[in-house]
Visitor: 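There's a structure below that I have some questions on.
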Amino acid sequence: MKVSVYLHFPFCVQRCSYCDFNTYSGLDELIPLYVQSLCKEIEFIGENLPEAYYKKIHTLYFGGGTPSLLSAEALERILVSLEQNFGFGDNIEISLEANPGTLSLEKLRAYVSLGINRISLGFQSANEHELRLLGRVHSVADVVQSVELSRSVGISNINLDLIYGLPAQTLIDWTNSLETALSLGVEHLSLYSLTVEDDTSLQEWIQMGLYPRPDTDLAADCYELARDMLSNAGYLHYEISNWAKLRDGNIAYVCQHNLQYWKNAEYFGLGAGAHGFVYGLRLAN
């Protein structure tokens with residue numbers, strides 16, 4: 001049985017205005033203790049795994065938060081614990097979410113040496129005014145640099161996240177984001193329609209009248225535009241929000257971890273606030 005593991009890392013440099021995930025900024029001093037606790041959870045689950053789950057994990061996904069704040073030493077500790085207590089399958093896909101500006105050449109080299117073979121960058125927008133609205137701490141130049149650095153260390157599977165349906169967004173803004181993403185030639189794109197969540201800074205700003213509510217008709221237009229542009233650029237639309245680049249008809253860049261969710265297959269959610277689906281049960285920490 002093929003199972004997957006999602007690991008949640010809740011630490012960020014700055015909390016984004018739209019985020020309602022279990023994330024925190026300014027608490028980096030807790031990272032070592034968190035890693036220690038995460039490894040304890042991994043060990044506990046691993047000790048109680050049925051034989052059928054042993055050495056069957058085929059995708060790992062480090063999400064957050066900003067997992068790229070993890071030192072190489074901390075990441076190695078987590079991966080060693082996972083391999084010892086779960087076991088890794090052949091050709092395992094190991095994805096790590098990263099915020100542009102938190103990656104260095106040295107860190108990426110260490111990540112690759114530990115087995116990271118897929119990077120997902122929180123691009124979100126190619127428009128600086130939208131990045132400020134979203135509370136992002138990176139620039140467009142940081143995204144370009146992060147892609148280039150990832151390529152230089154041999155990572156050949158890169159995803160960019162983008163958000164559409166923003167307050168006051170125009171189709172020109174969205175077209176610029178799409179064209180910039182396509183110009184970077186990444187293997188995968190994840191495009192998400194903004195949801196204004198309760199108790200977020202963005203919701204408060206909209207309620208105060210500082211920004212208009214997102215236009216759902218415009219969001220639909222953005223989605224249709226993306227669908228057409230990405231299809232023409234040779235990307236396969238394999239899931240509602242995800243596109244993978246085709247190369248000579250090869251679908252190698254389809255995210256196997258995404259498919260685990262999409263096919264309603266089992267996965268463990270480890271870490272604070274993580275969700276999982278095992279033994280036919282939906283679980284949440």
Side-chain angles (χ1 to χ4, degrees), residues 4-14 21-43 45-46 57-123 136-138 141-161 186-188 255-257 268-274:
S4 296
V5 173
Y6 170 84
L7 301 105
H8 190 67
F9 184 80
F11 301 93
C12 287
V13 174
Q14 175 177 293
F21 294 158
N22 184 40
T23 59
Y24 307 90
S25 62
L27 296 177
D28 289 7
E29 71 276 7
L30 296 178
I31 292 177
L33 184 59
Y34 184 83
V35 170
Q36 178 182 333
S37 299
L38 181 59
C39 289
K40 283 186 177 180
E41 182 183 12
I42 291 169
E43 291 163 9
I45 298 295
I57 291 176
H58 76 123
T59 72
L60 295 178
Y61 194 98
F62 288 85
T66 309
S68 51
L69 293 178
L70 279 165
S71 67
E73 293 75 17
L75 181 63
E76 182 177 21
R77 182 176 179 182
I78 295 169
L79 288 170
V80 168
S81 182
L82 282 164
E83 187 164 21
Q84 290 178 344
N85 291 280
F86 283 81
F88 292 165
D90 296 334
N91 302 313
I92 186 171
E93 175 191 89
I94 307 180
S95 302
L96 184 135
E97 288 185 351
N99 277 359
T102 64
L103 293 173
S104 66
L105 186 60
E106 180 182 12
K107 180 179 281 189
L108 280 166
R109 282 174 175 161
Y111 283 177
V112 170
S113 71
L114 293 172
I116 300 298
N117 52 29
R118 186 175 183 275
I119 290 287
S120 180
L121 293 168
F123 183 11
R136 305 295 291 177
V137 295
H138 70 267
D142 290 330
V143 177
V144 176
Q145 182 185 51
S146 294
V147 171
E148 291 174 348
L149 289 175
S150 298
R151 292 273 187 245
S152 72
V153 299
I155 297 177
S156 59
N157 195 349
I158 299 173
N159 172 67
L160 296 180
D161 284 348
V186 295
E187 289 73 26
H188 195 280
C255 179
Q256 297 304 307
H257 194 83
F268 290 89
L270 307 179

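All residue numbers refer to positions in the sequence shown, counting from 1. The structure displayed is predicted, hence computed values, not measured ones.
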Visitor: In sequence, state the C-alpha distance, the side-chain angles, and the governing distance for Asn22 and Tyr24, and then conclude on side-chain contact (heavy atoms from CB on, under 4.5 Å).
Guide: CA-CA 7 Å; Asn22 184 40; Tyr24 307 90; 2.6 Å; yes
Visitor: Could you state the interatomic distance from NE2 (His188) to CZ (Arg118), rounded to the nearest 0.5 Å?
Guide: 5.0 Å
Visitor: State whether the side chain of Glu41 and the backbone N or O of Gly271 hold a donor-acceptor pair below 3.5 Å, judged by distance alone.
Guide: yes
Visitor: Does some side-chain heavy atom of Ile45 sit less than 4.5 Å from a side-chain heavy atom of Asn85?
Guide: no
Visitor: Please name the pair of heavy atoms, one in Leu96 and one in Pro67, separated by the smallest distance, quoted to 0.1 Å.
Guide: CG-CB, 4.0 Å
Visitor: So does Asn91 get a backbone contact from the side chain of His58, meaning a donor-acceptor N/O pair under 3.5 Å?
Guide: no
Visitor: Measure across Ser146 and Gly101 and return the closest heavy-atom pair with its distance rounded to 0.1 Å.
Guide: OG-N, 3.8 Å
Visitor: Considering only heavy atoms from C-beta outward, does the side chain of Leu149 approach that of Ser104 to under 4.5 Å?
Guide: no
Visitor: Of the options Ile116, Leu105, Ile119, which is the one that meets Val153 in a side-chain contact (heavy atoms from CB on, under 4.5 Å)?
Guide: Leu105
Visitor: Anything under 30° is parallel, anything over 60° is perpendicular, the rest tilted; go ahead and classify Phe9 against Tyr34.
Guide: perpendicular
Visitor: Applying the side-chain contact (heavy atoms from CB on, under 4.5 Å) test to Leu121, which of Asp142, Leu103, Asn99 qualifies?
Guide: Leu103
Visitor: Could you go step by step and tell me if Ile57 and Leu82 meet the side-chain contact (heavy atoms from CB on, under 4.5 Å) rule?
Guide: CA-CA 10 Å; Ile57 291 176; Leu82 282 164; 5.6 Å; no
Visitor: If every non-hydrogen atom of Ala110 is compared with every non-hydrogen atom of Ser113, which pair is closest and at what distance?
Guide: O-OG, 2.6 Å
Visitor: Kindly compute the distance separating CD1 (Ile94) from CZ (Phe88), expressed to the nearest 0.5 Å.
Guide: 5.0 Å
Visitor: Ala274 and Gly269: which non-hydrogen atoms are nearest, and at how many Å?
Guide: CB-C, 3.5 Å
Visitor: Ignoring hydrogens, what is the shortest heavy-atom contact between Val35 and Arg77? Give both atom names and the distance.
Guide: CG1-CD, 4.1 Å
Visitor: Let me confirm one number: the OG-NZ distance from Ser71 to Lys107, rounded to the nearest 0.5 Å.
Guide: 7.5 Å
Visitor: How many angstroms lie between CG in Asp161 and OG in Ser120, if you round to the nearest 0.5 Å?
Guide: 4.0 Å
Visitor: Check the surroundings of atom CD in Gln14: do more than 12 heavy atoms from other residues, nucleotides or ligands lie under 6.0 Å from it?
Guide: yes
Visitor: Kindly give the heavy-atom pair with the smallest separation between Ala272 and His8, and that separation in Å.
Guide: O-CD2, 2.9 Å
Visitor: Without swapping roles, check the side chain of Asn117 against the backbone of Glu93 for a donor-acceptor pair under 3.5 Å.
Guide: no
Visitor: Could you walk me through whether Thr102 and Leu69 pass the side-chain contact (heavy atoms from CB on, under 4.5 Å) test, one step at a time?
Guide: CA-CA 7 Å; Thr102 64; Leu69 293 178; 4.1 Å; yes
Visitor: Can you tell me how far the OG1 atom of Thr66 sits from the CZ atom of Phe11, to the nearest 0.5 Å?
Guide: 11.0 Å
Visitor: So Tyr111 and Ile155, do their side chains get closer than 4.5 Å, heavy atoms only?
Guide: no
Visitor: With a 4.5 Å cut-off on side-chain heavy atoms, are Gln145 and Pro100 touching?
Guide: no
Visitor: How far apart are the C-alpha atoms of Phe123 and Val186, what are their side-chain angles, what is the distance that settles it, and do they pass the side-chain contact (heavy atoms from CB on, under 4.5 Å) test?
Guide: CA-CA 12 Å; Phe123 183 11; Val186 295; over 6 Å; no
Visitor: For Ile158, does its backbone N or O pair with a side-chain atom of Arg151 as donor and acceptor, under 3.5 Å?
Guide: no
Visitor: First locate atom OH of Tyr61, then atom CD of Gln256, and finally report the distance between them rounded to the nearest 0.5 Å.
Guide: 14.0 Å
